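Here is the structure we will look at.
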Amino acid sequence: MVVTKDHIGGLVFLCLSVAYGVYAREIPMFPGDEYEPFNAQTLPIFLSWLGGILGFLMLVTARRDVASKLSVAGLDFLLVAKLLILIMIFAFALEWVGFMLSTILFLVGGYWILGERRPKMLFIASVPFAVGIWFILAKLLDIYLAPGRFFTQVLGG
């Protein structure tokens, strides 16, 4: 059997999805929430199932030719390191500048790292997505998203 990058990627994605699903079951809920149709565990468990299915499909549909064989030479570890650093910055920024601004900055930074340099395109691809996710979480699902310490200190809370 030939192990390719596609096989490794699918296996890693599958393992991460299973681990995410295991930890999603440990999310604490208020008493009585287990009987609600949508609670704190619902979306994470759904995402873990979706990720598991996609990871399995990636494994099954992976190319098996020798040309796509696993090679470390073709991987860009510097790009991966930059994206991981950006994710850590996003995690710290959430607490300080809030969901909306940190998500927009995260997406702009990610697109910039991946090679997009046109400012108009960076914001067209970032702002509507961040606003849409905020709208779904805050308005439709009624999930509280803290505005961030900076905004509560400047504008009052």
Side-chain angles (χ1 to χ4, degrees), residues 1-95 97-116 122 124-146 148:
M1 178 177 162
V2 176
V3 177
T4 64
K5 293 179 202 176
D6 295 340
H7 288 108
I8 300 295
L11 186 61
V12 167
F13 199 71
L14 181 63
C15 290
L16 288 174
S17 296
V18 169
Y20 184 66
V22 168
Y23 285 113
R25 295 261 181 211
E26 296 179 9
I27 295 174
M29 292 187 295
F30 291 118
D33 272 357
E34 60 270 8
Y35 304 113
E36 295 293 326
F38 193 88
N39 56 41
Q41 293 180 354
T42 306
L43 186 61
I45 290 172
F46 171 75
L47 290 175
S48 69
W49 273 97
L50 184 64
I53 291 167
L54 291 175
F56 179 74
L57 288 174
M58 287 171 65
L59 276 172
V60 172
T61 61
R63 296 183 329 178
R64 292 174 176 16
D65 57 344
V66 180
S68 63
K69 202 174 205 179
L70 185 61
S71 169
V72 178
L75 302 178
D76 190 358
F77 289 108
L78 182 60
L79 178 69
V80 172
K82 289 177 185 177
L83 290 172
L84 289 174
I85 290 169
L86 183 65
I87 291 169
M88 289 190 305
I89 292 170
F90 172 69
F92 289 117
L94 271 173
E95 182 179 352
V97 295
F99 178 81
M100 182 70 74
L101 186 58
S102 61
T103 302
I104 291 171
L105 293 175
F106 170 73
L107 291 171
V108 167
Y111 293 142
W112 181 271
I113 289 171
L114 292 173
E116 180 59 52
L122 288 171
I124 288 174
S126 301
V127 174
F129 182 77
V131 170
I133 293 296
W134 171 83
F135 180 78
I136 290 170
L137 292 174
K139 299 302 178 190
L140 295 179
L141 298 176
D142 201 26
I143 296 172
Y144 175 72
L145 298 173

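No experiment lies behind these values; they were computed from the predicted model shown.
- Partners of Trp112 under the side-chain contact (heavy atoms from CB on, under 4.5 Å) rule, at least two apart in sequence or in another chain, are Arg117, Leu122.
- Between Ala130 and Thr103, the shortest heavy-atom contact is CB-CG2, 3.8 Å.
- At most 12 heavy atoms of other shown residues, nucleotides or ligands fall within 6.0 angstrom of atom CZ in Phe56.
- Across every non-hydrogen atom of Asp6 and Ala62, the tightest pair is CB-CB, 3.5 Å.
- Listed by chain and number, the residues in a side-chain contact (heavy atoms from CB on, under 4.5 Å) with Glu36 are Asp33 (sequence neighbours excluded).
- Leu105 pairs by the side-chain contact (heavy atoms from CB on, under 4.5 Å) definition with Leu101, not counting sequence neighbours.
- For Glu95, the side chain to side chain donor-acceptor pair (under 3.5 Å) test picks out Arg149, with sequence neighbours left out.
- A search for ring pair (Phe, Tyr, Trp, His ring centres under 6.0 Å) contacts involving Phe90 returns Phe106, not counting sequence neighbours.
- Across every non-hydrogen atom of Met29 and Ala40, the tightest pair is CG-CB, 4.4 Å.
- Atom CZ of Phe38 sits in a crowded spot, with more than 12 heavy atoms from other residues, nucleotides or ligands closer than 6.0 Å.
- Residues meeting the side-chain contact (heavy atoms from CB on, under 4.5 Å) test with Met58, sequence neighbours left out: Phe13.
- Here the side chains of Leu114 and Leu79 are in contact, with some heavy-atom distance below 4.5 Å.
- Separation of atoms OG (Ser102) and CG (Leu94) is listed at 4.0 Å; rounding is to 0.5 Å.
- Taking every heavy atom of both residues into account, Phe129 and Ala125 meet most closely at CB-O, 3.9 Å.
- The NZ atom of Lys82 sits 14.5 Å away from the CD1 atom of Ile87 when rounded to the nearest 0.5 Å.
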Check residues 135-144 and write down every donor-acceptor pair under 3.5 Å in which the side-chain atom is one partner and the other belongs to a residue at least two apart or another chain.
none

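- Residues Leu59 and Leu11 share a closest heavy-atom pair of CD2-N, 3.8 Å.
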Validation: residues 44-52 side-chain donor-acceptor distances under 3.5 Å, sequence neighbours left out:
| unit_1 | atom_1 | unit_2 | atom_2 | d |
| --- | --- | --- | --- | --- |
| Ser48 | OG | Ile45 | O | 2.7 |

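- When every heavy atom of Pro37 is checked against every heavy atom of Thr42, the shortest pair comes out as O-OG1, 3.9 Å.
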